[in-house]
S.K.: 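So that we are looking at the same thing, I have put the structure below in structure tokens.
Lettering follows sequence order; numbering is per chain, from 1. Just so it is clear, the structure is predicted and the values come from calculations on it, not from any experiment. Quick note: numbers below take in every heavy atom, side chains included, and nothing from hydrogens, waters or symmetry partners.
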Number of protein chains: 2
Amino acid sequence: MSKLLESSCLHCKKRSDIFEALSDEELDRVDMCRVNMRYHAGEIIFKQGSPCYDFVCVTSGLVKLYIESENDHRLIIGFAKPIDYIFVPGAYVDKRHHFSAVACEDTTACLVEADMIQNMVKTNPNFASSFIRKISAQSIALLEQISSITHKQIPGRMADTLIYLSTKVYNSNPFTTNLIRQDLADLSGMTKESAIRVLKTFKEDDLIRIDGNQIEIINQPMLETISRNG
Amino acid sequence: MSKLLESSCLHCKKRSDIFEALSDEELDRVDMCRVNMRYHAGEIIFKQGSPCYDFVCVTSGLVKLYIESENDHRLIIGFAKPIDYIFVPGAYVDKRHHFSAVACEDTTACLVEADMIQNMVKTNPNFASSFIRKISAQSIALLEQISSITHKQIPGRMADTLIYLSTKVYNSNPFTTNLIRQDLADLSGMTKESAIRVLKTFKEDDLIRIDGNQIEIINQPMLETISRNG
DNA sequence: TTTATGGGGTGATATAAATCAACTAAATGC
DNA sequence: GCATTTAGTTGATTTATATCACCCCATAAA
């Protein structure tokens with residue numbers, strides 16, 4: 001279930017950085033190709049394999065991005081939070097989504113026609129540069145995650161996940177999250193049971209504290225050491 | 001050891017696709033910021049962590065791209081072959097290389113100043129689009145590799161590697177390669193010993209034939225099934 | 001010639017992590 | 001109020017894969 005909201009890009013306070021490069025007139029054009037959507041926690045925004053028509057700009061809430069494989073395995077490759085827009089690599093290649101996006105809290109987002117964005121890339125050089133900068137950053141994040149998951153074992157991977165959540169997603173410590181254990185596992189490339197077990201050892205070693213939905217990193221230096229040692 | 005070659009972008013037969021969008025005048029500008037290099041097999045072209053000044057366009061040979069971690073683990077994330085250029089995500093973010101590049105055969109390549117390319121993105125919209133298309137394709141390839149390595153076990157991963165080499169890198173079957181077993185392992189996220197063992201079972205099951213440097217996929221449908229089943 | 005060296009290969013063993021199977025506790029629905 | 005589902009947790013067991021310790025063989029170096 002979703003409902004339409006009204007406002008304008010020009011005066012939007014939740015505008016993604018990349019739009020800063022646009023003139024008022026260009027923003028109006030974006031406005032014309034834009035739908036504001038509201039998603040409930042758990043709702044799918046787009047699904048891996050489906051055709052992609054729109055770019056998604058998250059204005060509130062939190063969106064989880066993940067790849068899924070035949071055998072029901074999931075790997076969370078990142079999150080999109082307010083004022084992020086979700087880069088969809090398929091838009092320029094095969095017009096398909098290569099990962100899925102799900103609202104993990106109640107979320108609002110603007111869908112902007114992919115053609116419009118691609119057009120803007122052609123007409124506004126600064127927009128093009130911002131766009132490439134964004135893709136580049138996402139590529140780097142992917143490389144880091146590949147590196148973590150393939151080269152480190154469970155404690156190192158979970159340390160990376162916790163540090164990532166605290167410093168890149170929630171930007172706070174302690175942070176309050178409604179990610180469940182399975183999500184932490186899917187971020188770290190392990191099973192739910194393994195995730196629970198490492199978290200337990202981290203708690204016992206006073207590296208972190210978990211209280212309901214709140215996670216606090218108590219000993220970040222030690223977590224970083226664990227991350228480095230793999 | 002490397003030596004300088006002479007020629008011009010304008011009449012170059014080894015020009016990467018993305019340059020097609022450029023005018024003669026723009027090609028001349030690229031020419032001015034260009035150095036032609038020759039690398040011997042095994043030589044490093046750039047190393048993860050080092051500052052990046054140039055984009056690399058491979059004109060002959062083969063280049064292996066990999067990420068390395070503290071504990072000497074390597075993961076090959078792809079290859080660049082003639083008429084590819086190597087997209088360096090750090091160029092737009094932190095001016096650092098996030099993976100290393102090594103010539104795995106004798107290789108020639110043109111180094112073009114990153115500033116020049118970034119400038120071209122701003123002045124030529126079609127070039128910008130080509131550029132984004134290329135990055136997007138690389139992102140998709142990374143997603144596929146992440147998916148293979150984290151969701152599949154050894155036979156599935158090696159099947160993916162063999163199919164990848166045959167269809168995407170060498171574009172032939174059988175193909176002749178000078179990749180060693182360790183490289184096949186680094187492509188598949190496993191140890192050399194494990195790589196040798198799966199290859200042995202593949203040979204015994206008549207899925208592939210290996211004769212010196214030549215690898216032939218005999219039963220691709222079966223390999224694809226193994227890949228799907230993980 | 002012998003001596004390194006690097007790659008391919010194999011078996012035995014160790015181990016990290018998945019799987020399986022229970023059992024709580026909380027939340028939700030009827 | 002009871003039944004059902006979902007999340008969290010734990011222990012026992014299995015298994016995939018890494019590690020270790022070798023072997024051989026070719027080539028290059030001394």
S.K.: Whole Å only: how far is the CG atom of B:D211 from the C1' atom of C:dG8?
M.R.: 14 Å
S.K.: Distance from A:S147 atom OG to B:Y66 atom OH, nearest 0.5 Å?
M.R.: 13.0 Å
S.K.: Working to the nearest 0.5 angstrom, can you tell me the gap between B:N71 CG and A:Q153 CD?
M.R.: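 These two atoms lie 9.0 Å from each other.
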S.K.: Hey, is the side chain of B:R181 poking within less than 4.0 Å of OP1 or OP2 on C:dG8, counting only N and O atoms?
M.R.: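 So the side chain of B:R181 is within the cut-off, an N or O lying under 4.0 Å from OP1 or OP2 of C:dG8.
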S.K.: Using heavy atoms and a sub-4.0 Å distance, could you list which residues of residues 194-203 of chain B are near DNA chain D? By number, please.
M.R.: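 By residue number: B:S194, B:R197.
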S.K.: Is it the case that A:T176 and A:N213 place a side-chain donor and acceptor less than 3.5 Å from each other?
M.R.: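 No, because no side-chain N or O of A:T176 sits under 3.5 Å from a partner of the opposite role on A:N213.
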S.K.: Are A:T191 and C:dA17 close enough that a side-chain N or O sits under 4.0 Å from OP1 or OP2?
M.R.: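 For A:T191, the contact criterion (side-chain N or O under 4.0 Å from OP1 or OP2 of C:dA17) is not met.
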S.K.: What verdict does the side chain to side chain contact (heavy atoms under 4.5 Å, CB included) test give for B:M37 and B:T108, after you've listed the backbone C-alpha separation in whole Å, the side-chain angles of each residue and the deciding distance to 0.1 Å?
M.R.: CA-CA 6 Å; B:M37 298 286 289; B:T108 55; over 6 Å; no
S.K.: From NZ of B:K192 over to P of D:dA18, roughly how many Å is that when rounded to an integer?
M.R.: 13 Å
S.K.: Do A:I18 and A:F87 have side chains that approach each other closer than 4.5 Å (heavy atoms only, starting at C-beta)?
M.R.: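 The answer is no, as the side chains (C-beta and beyond) never meet within the 4.5 Å cut-off.
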S.K.: Measure the distance from CD on B:E193 to P on D:dC23 and round it to the nearest whole Å.
M.R.: 16 Å
S.K.: Would you compute the distance between atom NZ of B:K203 and atom CG of B:D211 and round it to the nearest 0.5 angstrom?
M.R.: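 Those atoms lie 10.0 Å apart.
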S.K.: Which of residues 61-79 of chain A have a heavy atom under 4.0 Å from DNA chain C?
M.R.: none
S.K.: Are any of the side-chain heavy atoms of B:E216 and B:N173 separated by less than 4.5 Å?
M.R.: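 SC-SC contact between B:E216 and B:N173 confirmed.
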S.K.: Looking at every heavy atom in both A:I83 and A:R15, which two are closest together, and how far apart are they?
M.R.: CG2-O, 2.9 Å
S.K.: Check the distance between D:dT5's C1' and A:I180's CD1 and give it to me in whole angstrom.
M.R.: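 Rounding to the nearest Å, CD1 of A:I180 and C1' of D:dT5 are 13 Å apart.
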S.K.: Between B:F55 and B:Y85, how do the two ring planes meet: parallel, tilted or perpendicular, split at 30° and 60°?
M.R.: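 Judged by the thresholds at 30° and 60°, the geometry between B:F55 and B:Y85 is tilted.
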S.K.: Over how many whole Å does the gap from B:N213 atom CG to D:dA26 atom P extend?
M.R.: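 So the two atoms are 15 Å apart, to the nearest Å.
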S.K.: Measure CE/B:M190 against C1'/D:dT19 and give the value in whole Å, please.
M.R.: 16 Å
S.K.: Are side-chain N/O atoms of B:E68 and B:S100 paired as donor and acceptor at under 3.5 Å?
M.R.: yes
S.K.: Flag the pair A:R181 / A:L199 as yes when at least one side-chain heavy-atom distance between them is below 4.5 Å, and no otherwise.
M.R.: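 Heavy-atom side-chain distance check passes, below 4.5 Å.
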S.K.: Which residues, if any, of residues 146-166 of chain A bring a heavy atom under 4.0 Å of DNA chain D?
M.R.: none
